[in-house]
Protein chains: 2
Amino acid sequence: MEKEITIYDIAKDLGVSPATVSRALNNHPAVNEKTKKKIYNAAMEMGYQSNVFASNLRSKRTNNIGVIVPRLNSSFQSSVLAGMEKVANEAGFNLIISQSLESKDKEIANTHSMFNSRVDGLLVSLASNTESLEHFAPFIKKKIPVIFYDRVGNFEEMFGVTIDNMKAAHQATSHLIEQGCQRIVHVLGNIKVNVYHERLKGYKYALLDHSIPFDENLIIYSDLNEEAGYDIVQKIKSIEPRIDGLFVSNDACAASCLKQLKLEGYRIPEDIAVVGFNNDVISRLVEPNITTINYPGYEMGELAMRNLINHLDVNTENLLKNTNRITLRSELIIRESSKRK
Amino acid sequence: MEKEITIYDIAKDLGVSPATVSRALNNHPAVNEKTKKKIYNAAMEMGYQSNVFASNLRSKRTNNIGVIVPRLNSSFQSSVLAGMEKVANEAGFNLIISQSLESKDKEIANTHSMFNSRVDGLLVSLASNTESLEHFAPFIKKKIPVIFYDRVGNFEEMFGVTIDNMKAAHQATSHLIEQGCQRIVHVLGNIKVNVYHERLKGYKYALLDHSIPFDENLIIYSDLNEEAGYDIVQKIKSIEPRIDGLFVSNDACAASCLKQLKLEGYRIPEDIAVVGFNNDVISRLVEPNITTINYPGYEMGELAMRNLINHLDVNTENLLKNTNRITLRSELIIRESSKRK
DNA sequence: ATTAATTTTGAAACCGATTTCAATTTTTCT
DNA sequence: AGAAAAATTGAAATCGGTTTCAAAATTAAT
């Protein structure tokens, strides 16, 4: 075990006090420029490395920010993380990332673990079966900021960064109606998740606005993965009267449906017009290209992180009250899968 | 600011010494079971939370493991991270993740930052322009284990978890040859990256083994993103004599090429047989399905992390010498894009 | 009952940087 | 030059667990 260089070593070497060394290295104004230079150089030469533990112990800060995502291996989530990492890195924070794997219990465990490792702030996209936010209470009590993004839950009290899912779904559905669709199937995930809950609402309102009756049979619940297409299309085939529009809450799943529909001989968009969600790479690569909602994951990550970091400055306590929910702009991108001339 | 409960508070409350409290909470054998119970309960009731800073300061461990990836928003990397997170979480470690964005300089900065935050170990997939491993020297000197995965560089000294890229490329190329291809284009990324370097070798050897001359014109360098298809196909069109096989080092890019080739009127696989790499979701969703190499990202993450954690136990120093490079099994998955009856 | 062996416990040093408060040095002003 | 003000510096306490070493308490052995 090598002996580490401490500020005491530097102090002894230069015949000054550890206090001065500490101040110099933190660029404290109350230390003479010459002494500073001297200390910098000595620290350099001796290969000094600040001991974060000791420093954290006093400052009570880790410069670590926790992120809890439902799944790491999701195209959307990894864009979000990329955006977060960029902002955090530039601001000198580290990212501690863990995944809940869509399990409430694992989310709770992760939350505890983040709390114990004393992250300075927490960013969370909720698991699909999370029913309460109790497990975040310790953070609130200690005034450690917690910001939710995307999966913000149906809880009013919390900060969150989302898109307007209702509006987006309304747009998507309206678009299908404008293309002549009258019987539109909506495929979505667990209704407990705000994201799907709101999209369903948007779907319903769009029907209402165009005087199309809502039909419960046209709602299909799914885990939305890339293999779900088969089952979904089987269900679709059995629906009477025939459907002519399909709005899937996720591009990978939409692509899977598209493939299966083509296998079954449906023409897209003539027989069934299809709209996805997310604007994943995949929506641009399958044939026909899938009309989708552009869902700005990277920006969402940047914004959520920037917001969190703002909360960390003690001076900006008022921000806490002013910013309750931030809504990012999303947009419908019309492509071949739904465009009827 | 709330006063935090410390072991001193508990000690005073129960009339024992802080030392005993510390030992009890760490389940040290040299403390009476009854006292332990008593202390556990008191700690519970008082809402005690261990202060990691103080604890780290002595133990010199953070329980944080650093991961540096080229990009977070990559389907492959996020699978790897998912695997790593699972193993780390189960073993009680946190993951600190940062991305190099394929920049050597950012990688160096991230490495420094990880070192300063005193991670217990480091997992790295190198940026494409990294030319030396100097920046990891401080880790080596302090005996902090560093393990590379996937992008391990062309450096012999290092531990690493990879697949046998040469063999995989050999298999892919041989398969195309067996389907009757004679003029096979290989699309790959920066040759400095071991992954592409080795795949090119595999491609060449496969040609050699089937007595097909190597033609420099059939090698196309690309950044392999999902929009690269257009340029690649333009190049392909200009190649004389015509090509009849295409081996792309990445599924997203292969899909992009596939789409573009179809737009240009090529029949797949009759005119050009296509093989990708990675077995990304996308390879199963485009039409025709893309023949590809199954690249076990999740397992690679698990394995790399398990390996790193092993290195952390001081008793297993011998492991260091025994394990130099771990090679994961990969396999060719034959699908319609290359299957000629 | 006495001694030896074993368990438990506590006092105090320690990890390394930060910070308060007072002391010292330097600069400025009459 | 002498006093007052400003700029630097240092001693020592502090953050909260962990650990060493020795003392005290308990159990086992003779």
Q: Spell out, as yes or no, whether a donor-acceptor pair under 3.5 Å connects the side chain of B:S22 to the backbone of B:P18.
A: no

(Q) What is the separation between atom CG on A:L25 and atom C1' on C:dA17, rounded to the nearest whole Å? (A) 10 Å

Q) Rounded to the nearest Å, what distance is computed from the CG atom of residue A:L14 to the C1' atom of nucleotide D:dT8? A) 16 Å

Q | Distance, nearest 0.5 Å, that separates CG of A:L101 from NZ of B:K86 | A | 9.0 Å

Q) Where the side chain of B:E102 meets the backbone of B:S128, is there a donor-acceptor pair that is under 3.5 Å apart? A) yes

Q | All salt bridge (Lys or Arg N to Asp or Glu O under 4.0 Å) counterparts of A:E85, not counting sequence neighbours | A | B:K106

Q: Could you tell me whether the side chain of A:S55 and the main chain of A:N51 form a donor-acceptor pair under 3.5 Å?
A: no

Q.
What is the distance, to the nearest angstrom, from the NE2 atom on A:H28 to the P atom on C:dC21?
A. 14 Å

(Q) What contact category does A:N26 fall into here, base, sugar-phosphate, or nothing, at under 4.0 angstrom with non-hydrogen atoms? (A) sugar-phosphate

Q) What is the bend of the helix from C:dA1-D:dT30 to C:dT30-D:dA1 when you compare the axis at one end with the axis at the other, using five pairs each and rounding to 10°? A) 40°

(Q) Rounding to an integer number of Å, can you tell me how far A:I10 CD1 sits from D:dG10 P? (A) 14 Å

Q. C:dA17 P sits how many Å from A:N27 CG, rounded?
A. 17 Å

Q: For B:N27 and B:K36, test the side chains for any donor-to-acceptor distance below 3.5 angstrom and give the result as yes or no.
A: yes

Q. Between B:R151 (side chain) and B:S125 (backbone), is there a donor-acceptor pair under 3.5 Å?
A. no

**Q.** side-chain contact (heavy atoms from CB on, under 4.5 Å) partners for A:D120, two or more places apart
**A.** A:R61, A:T62, A:N63, A:F93, A:L312

Q | Protein proximity profile, nucleotides 5-16 of chain C - base contact B, sugar-phosphate-only contact S, no contact -, cut-off 4.0 Å on heavy atoms | A | ---SBBB-BBBB

Q) What is the distance from NZ of B:K12 to C1' of D:dG17, rounded to the nearest Å? A) 16 Å

Q: Looking only at non-hydrogen atoms, find the nearest pair between A:I68 and A:E107 and report the distance.
A: CD1-O, 4.4 Å

(Q) Which residues pass the side-chain contact (heavy atoms from CB on, under 4.5 Å) test with A:S50, not counting sequence neighbours? (A) A:Y48

(Q) Would you say A:N190 and A:N129 are linked by a side-chain donor-acceptor pair, where the criterion is simply a distance under 3.5 Å? (A) no

Q: Measure from CG on A:N56 to P on C:dT18 and round the result to the nearest Å.
A: 10 Å

Q: Do nucleotides 23-28 of chain D as a string where each nucleotide becomes B, S or -: B if the base has a protein heavy atom under 4.0 Å, S if just the sugar-phosphate does, - if no protein is that close.
A: ------

